[in-house]
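This report concerns only the one structure given below.
Chain naming here is simple, since letters A, B, ... match the order of the sequence lines and numbering starts at 1 in each. These numbers come from a predicted model, not from an experiment. What's counted below: heavy atoms across the whole structure, side chains too, no hydrogens, waters or symmetry copies.
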Amino acid sequence: MRWSRYPINTVKETPSEAEVISHQLMLRAGLIRRLAAGIYTWTPFGLRALRKVEQIIREEMDRAGALEVLMPAVQPAELWQESGRWEQYGPELLRLKDRHQRDFVIGPTHEEVITDLARRELKSYRQLPVNFYQIQLKFRDEIRPRFGVMRGREFIMKDAYSFHLDQASLQEGYDLMRDAYVRMFTRMGLEFRPVKADTGSIGGTASEEFQVLADSGEDAIAVSDGADQYAANLELAPALPPSDRRPTATSSMQKVATPGQKTIEDVAAFLKVPTQRTVKLLMVEGSEGGVVALAIRGDHELNAIKAQKLPGVASPLRMASREAVLATTGCEPGFLGPVDLKCPLYADHAALALADFVCGANEVDHHLTSVNWGRDLPEPTATDLRNVAEGDPSPGGSGQLRIRRGIEVGHIFQLGRKYSEAMQATVLDEAGKPIVMFMGCYGIGVTRIVAAAIEQNHDAAGIIWPEPIAPFTVVLVPLNANKSEKVRALSEQLYATLQQAGVDVLLDDRDARPGVKFADAELMGIPHRLVISDRGIDSGNLEYRHRRASANEEWPADEVVNRLIAAHPKA
RNA sequence: CGGGAUGUAGCUCAGCCUGGUAGAGCACUACGUUCGGGACGUAGGAGUCGGAGGUUCAAAUCCUCUCAUCCCGACCA
């Protein structure tokens with residue numbers, strides 16, 4: 001492509017709507033343009049990167065034996081009513097009517113459509129296993145779209161659905177997809193981790209997310225630094241019970257006045273004890289009405305996913321109202337404690353490991369010190385209630401957990417029979433008996449990957465594309481081509497040669513000053529830059545610089561073509 | 001959907017408090033100079049001041065309503 005014929009400008013100033021770096025750089029480089037909240041146009045340069053991501057996905061899906069399909073973005077409501085998700089999905093599902101007042105949705109996902117296809121086409125166990133995938137536009141009417149293309153409402157997703165006769169086959173298909181995902185993200189040059197994940201609303205059993213590590217990521221993940229390679233979403237990572245036995249009590253319980261000291265930090269500072277020696281009590285709504293108390297160590301965070309799975313606790317988790325707390329304890333939040341409670345109590349393992357701890361007295365402006373489980377109150381039910389913390393032992397068996405941020409770019413599930421059962425997707429087995437198929441589903445946020453790659457690969461000057469997904473592999477920068485015939489001639493010749501060799505090459509033939517060209521090439525993040533100047537031609541060496549390098553290299557003029565061809569990524 | 005903020009030229013923003021002829025920088029057009037790290041000069045084009053209503057002799061500025069966008073809480077690829 002010739003830059004002089006490309007009508008979309010880069011900008012120096014950061015658009016005020018962009019908060020994260022990838023969004024800023026994508027707008028500044030002119031990769032995307034916003035049309036409405038969470039809805040973007042991909043410009044030619046941006047689209048090139050997007051297409052490369054898609055192509056890698058396609059190649060690896062095909063390699064894994066999956067079959068590409070393209071399902072409709074607009075889907076009839078009947079299918080959603082059949083699966084029950086017409087009611088379940090809520091306002092995130094964009095619903096519309098056609099001219100005959102028939103209900104439709106713009107698909108946020110395609111389980112219903114694929115299951116419908118499967119039940120029509122798949123009749124025999126002989127046809128299994130099979131995996132269908134597509135790369136398709138989705139629409140989810142997010143409460144709060146943000147971060148540009150990272151959390152858009154309209155986005156491109158690769159979704160795949162596999163069908164199996166039994167659980168063992170599903171496991172095989174799942175493992176195959178897991179391997180394919182590892183290959184894809186590796187090929188894209190991303191630093192990522194497969195992490196154990198909650199299955200959330202989609203349901204099912206085993207599930208892993210593929211997280212691209214980036215400080216701006218929306219997900220917290222727990223990663224082991226040990227040999228066990230353990231990695232899990234923070235909301236799922238189990239906090240192991242402490243191995244140390246609880247120390248013996250040394251002093252008797254006392255009530256102390258703590259006027260106005262409502263938070264753990266306040267109380268700990270006021271009483272001059274570390275927060276690790278305190279226990280905080282959180283009151284949540286019970287599943288049958290009433291409230292349930294949860295005790296965790298003062299410095300720990302409650303894990304909502306773990307809590308809402310406890311018997312008697314409402315799911316999704318809701319904090320109890322102030323009125324309910326008052327009614328149960330006779331005390332306001334801020335001074336709650338587990339002693340003499342009149343409601344069910346769960347306590348986190350770490351809280352239970354404490355002796356002589358500080359907690360609320362269930363009396364305004366008072367706390368208790370030197371409280372001991374078993375002595376001052378009955379031993380409550382021990383469970384895992386908290387988020388793991390930096391330095392906790394890894395559940396994988398070796399090493400300690402580190403808390404990192406990640407961008408979820410892929411998620412694979414073993415769905416089991418949830419959808420196939422609801423929609424009667426069966427095949428006949430060897431005995432001629434109908435069997436409800438097992439399903440797996442495997443998603444990738446294609447548009448999000450582009451943002452994630454930038455999030456992970458940039459510097460002060462701009463984007464640094466991993467080469468396999470760069471819009472262009474090479475940028476040729478002629479200097480003063482308008483004055484120098486030989487610069488112009490060599491640039492054209494190199495451009496033609498590289499193009500013929502299949503290299504994605506961009507010729508910056510704009511009549512612009514060198515500084516502008518360099519700055520734009522760096523903002524755009526093109527991996528290989530070759531400068532064509534009179535100086536270089538006269539010396540026989542052309543100036544080359546890799547986007548990640550800090551200094552130039554001199555390349556003999558007669559070798560540049562071969563070296564650049566060699567640099568172009570191969571599939 | 002709650003809480004906070006912002007809407008003025010394509011972009012970044014000033015002007016609003018204290019009402020009186022709509023501004024700057026970047027970008028764009030023309031010409032000249034310049035030409036290895038986002039040049040300079042001259043001239044120019046470009047805005048229903050988000051929209052509607054009100055107050056006033058007079059509204060970008062004050063008031064009311066409305067729409068949109070962004071940020072903090074909720075979901076997920």
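In terms of phosphate contacts, R146(A) brings a side-chain nitrogen or oxygen within less than 4.0 Å of OP1 or OP2 of C72(B). Note on N482(A): every side-chain N or O is 4.0 Å or more away from OP1 and OP2 of C35(B).
Using a 4.0 Å cut-off between charged side-chain N and carboxylate O, D215(A) and R404(A) make no salt bridge. A salt bridge does not link R153(A) to E142(A): none of the charged nitrogens lies less than 4.0 Å from a carboxylate oxygen.
Every residue two or more places apart in sequence or in another chain was checked for a side-chain hydrogen bond (donor to acceptor under 3.5 Å, both in side chains) with Y89(A), and none qualifies. Every salt bridge (Lys or Arg N to Asp or Glu O under 4.0 Å) that E82(A) has, sequence neighbours left out, goes to R119(A). Residues satisfying the salt bridge (Lys or Arg N to Asp or Glu O under 4.0 Å) test with E218(A), not counting sequence neighbours, are R146(A), R151(A).
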query: Could you run down nucleotides 38-47 of chain B 5' to 3' and tag each one B, S or - for protein heavy-atom contact under 4.0 Å?
result: BB--------
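RNA chain B lies under 4.0 Å from no heavy atom of any residue of residues 449-459 of chain A.
Each of R448(A), M150(A), R140(A) was evaluated against F155(A); a single residue qualifies, R140(A), per the side chain to side chain contact (heavy atoms under 4.5 Å, CB included) test. Tested against F210(A) for a side chain to side chain contact (heavy atoms under 4.5 Å, CB included), the candidates V182(A), L190(A), V195(A) yield a single pass: V182(A).
As a whole-Å value, the separation of I156(A) CD1 from A77(B) P is 17 Å. Look at CG on N541(A): it is 19 Å from P on G36(B), rounded to the nearest Å.
Base-pair partner of U42(B): A30(B) (Watson-Crick or G-U wobble, both distances under 3.5 Å).
If you check A77(B), C76(B), G37(B) against the side chain of R545(A), the one that comes closest is G37(B). Relative to the side chain of V531(A), the nucleotides A77(B), G36(B), C70(B) differ in distance, and G36(B) lies closest.
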Side chains of residues 471-483 of chain A: which donor-acceptor pairs under 3.5 Å do they make with residues two or more places apart or in other chains?
from, atom 1, to, atom 2, distance (Å)
T473(A), OG1, H568(A), ND1, 2.8

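The 5' end of RNA chain B is approached more closely, in terms of each residue's nearest nucleotide, by N552(A) than by the other of N552(A) and R144(A).
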